[in-house]
Chemist: 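Right, I'll just put the structure down here and ask away after.
Note that the structure is predicted; figures quoted are calculated from it, not measured. Residue numbering restarts at 1 for every chain, and letters A, B, ... go by the order of the sequence lines.
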Protein chains: 2
Amino acid sequence: MFSMLIMRSGGSSPEADLTARARIRDAALRRFATDGFGAPVRLVAADAGVSPALVIHHFGSKEGLRRACDEYVRTVIAEGKDPMYAASGAARRADLLAMLADVERFGVPTLYLLKAFQAGGDLARELIEDMVELTRSTLDDGVRAGTIRPSRDADARARYLVMLSVGSLVADQALHPSDPADPGAFVREYMSRSALPSAELFTEGLLIDRTMLDAVAATWPGLAPDPEPAPDPGLAPDPDPAPEPDPTPRTSDDPGTTP
Amino acid sequence: MFSMLIMRSGGSSPEADLTARARIRDAALRRFATDGFGAPVRLVAADAGVSPALVIHHFGSKEGLRRACDEYVRTVIAEGKDPMYAASGAARRADLLAMLADVERFGVPTLYLLKAFQAGGDLARELIEDMVELTRSTLDDGVRAGTIRPSRDADARARYLVMLSVGSLVADQALHPSDPADPGAFVREYMSRSALPSAELFTEGLLIDRTMLDAVAATWPGLAPDPEPAPDPGLAPDPDPAPEPDPTPRTSDDPGTTP
DNA sequence: ACAGAGGCTGAACGGGTGTTTAGCATGCTG
DNA sequence: CAGCATGCTAAACACCCGTTCAGCCTCTGT
């Protein structure tokens, strides 16, 4: 059935011994990662050194090609390796966030992922759910180990943190033009730019007094009256009922610019 | 010169007394905000009750229409009011972040902005710079007033915070389908989902010990050896040179999942 | 050797796109 | 009234897109 996998091998180029199907998929992955999903099938075919008709012949339609790329990226994430580049063998853990950090090896899949997040779709939603779950359990481990502060709503926090990291990466990639020759460059630059402020924010926070947090926590559904996980009873929490009819206390990083 | 502003008025529909040019711009704004910038000119023209040729006649090209929408959104932001809907008059402050929060009135422009951020382009870059500058000064005010912690790199922090808030909104909007009838709904939902975790993160932080922050700060270019702005000398900062050849300490919300 | 199957292609099709062109109706101006 | 600019449109143009079709070439089994 899959006899097409055995083909005349022994080519000269390092990619020549790949199936045409695999070559098309790789070209599409790269093209979609750099140009977005609006990239024409003809261009993908040209990248793979193949006629546009063959793309359709193998994948049925452009959407089929997209699905094949999605599936491939999913397996890359699950297996933690990227056979397209420098197959440095040993299987790593199925850690999505770590993969996003380890960009040197996973440049193209990472860029593809960001484009998928940008465009929405099923792959994005499923991966977000995976990342939320993984982040949730990682945070729980940290809380138990005493390295991470407990939260009043661990699920909401995990989801929020995933949206923060994924979203800022997506926005950064949309704003800065990425070099097609070095697909991992922008993530590297993003991290070198955000390493210090993120470390500051995540260990020290931003706000000094707790009135805003207390006000929001008071209106949060299904919460104990005062968990008070912080060992800092310095400022007396304002017991004022807070004239806030709805739970939308400005965007989070705009604390009190219109008081 | 602008005699076209005076037209036969006294229509029945609340929008009938607008110039056709303004009607086209409004339709494009709404259509781009909901469908993205790939929306066809023909559809915009149909929304405005006008022929496609007239769109080109007034704006030169689709890109010209896009530019007009950009400029309009910019003035809406600068003036702090949205004459398209419920012109509740009184000029507000030119506060972009507050506008993002005040979504009830600014639904369509906000959605348009997010689509612009998603697609990149000049409008997005310029507005990001404005927001960075505004956030920077707001944070400085807060630091002086004693409500916000000082940072080792105020510029980097302002830029990072803007990317966080904008990016998470963009990702949220890309992942969840937005209701065209209620353009502000998704921002409202986003905020009700993220109010508590953001308040927690921004007042309490996430990490308990400071080793990661110290390690990053040690390699940050142009930084005093130990500013130590935190009034918490509880844990002894590890003076270890930190075996980290490059400044990429994982993604910020993945603290130590692969130790 | 011959038939068949499958990888593969050049050329075309049908539909959607932004834009152009020629012309219509209207209102202002001499 | 003629002349003309202006707002506006129907129709077409030129292009790009994804996809289809008929057929070529090269293997492989008998």
Chemist: Holding to salt bridge (Lys or Arg N to Asp or Glu O under 4.0 Å), I want the full list of residues that pass it with A/E71, two or more places apart in sequence or in another chain.
Modeler: none
Chemist: Could you give the CG-to-P distance, from B/L65 to C/dT19, as a whole number of Å?
Modeler: 10 Å
Chemist: Send over the distance from B/L54 CG to D/dA10 P, rounded to a whole Å.
Modeler: 11 Å
Chemist: How many Å lie between NE2 on A/H58 and C1' on C/dC8, as a whole number?
Modeler: 8 Å
Chemist: Could you tell me how far apart B/R21 (CZ) and D/dT6 (C1') are, to the nearest whole angstrom?
Modeler: 15 Å
Chemist: Listed by chain and number, what are the salt bridge (Lys or Arg N to Asp or Glu O under 4.0 Å) partners of B/E129, not counting sequence neighbours?
Modeler: B/R159
Chemist: Tell me every residue that passes side-chain hydrogen bond (donor to acceptor under 3.5 Å, both in side chains) with B/R67, counting only those two or more places apart in sequence or in another chain.
Modeler: B/E63
Chemist: Angle between the end axes of the helix from C/dA1-D/dT30 to C/dG30-D/dC1, five pairs per end, to the nearest 10 degrees?
Modeler: 20°
Chemist: Please name all residues satisfying side chain to side chain contact (heavy atoms under 4.5 Å, CB included) with A/H176, sequence neighbours left out, ordered by chain then number.
Modeler: A/D172, A/R193
Chemist: What residues, two or more places apart in sequence or in another chain, satisfy side chain to side chain contact (heavy atoms under 4.5 Å, CB included) together with A/A33?
Modeler: A/V108, A/L111, A/Y112
Chemist: Would a distance-only check, ignoring hydrogens and angles, find a side-chain to backbone donor-acceptor pair under 3.5 Å from B/T19 to B/A22?
Modeler: no
Chemist: Taking salt bridge (Lys or Arg N to Asp or Glu O under 4.0 Å) as the test, write out the residues that go with A/E126, two or more places apart.
Modeler: A/R74
Chemist: Expressed as a whole number of angstroms, how long is the span from B/R67:CZ to C/dG18:P?
Modeler: 15 Å
Chemist: Does the protein touch nucleotides 20-25 of chain C at the base, only the backbone, or not at all? Give it as B, S and - per nucleotide, heavy atoms under 4.0 Å.
Modeler: B-----
Chemist: Show me the donor-acceptor pairs, under 3.5 Å and distance only, between side chains in residues 36-47 of chain B and residues at least two apart or in other chains.
Modeler:
unit_1	atom_1	unit_2	atom_2	d
B/D47	OD1	B/R31	NH2	3.2
B/D47	OD2	B/R31	NE	2.7
B/D47	OD2	B/R31	NH2	3.0

Chemist: Taking only heavy atoms on the protein side, list every residue of residues 32-40 of chain A lying under 4.0 Å from any atom of DNA chain C, sorted numerically.
Modeler: none
Chemist: Which residues pass the salt bridge (Lys or Arg N to Asp or Glu O under 4.0 Å) test with A/D70, sequence neighbours left out?
Modeler: A/R66
Chemist: Can you name the residues that form a side chain to side chain contact (heavy atoms under 4.5 Å, CB included) with A/S51, not counting sequence neighbours?
Modeler: A/A53, A/L54
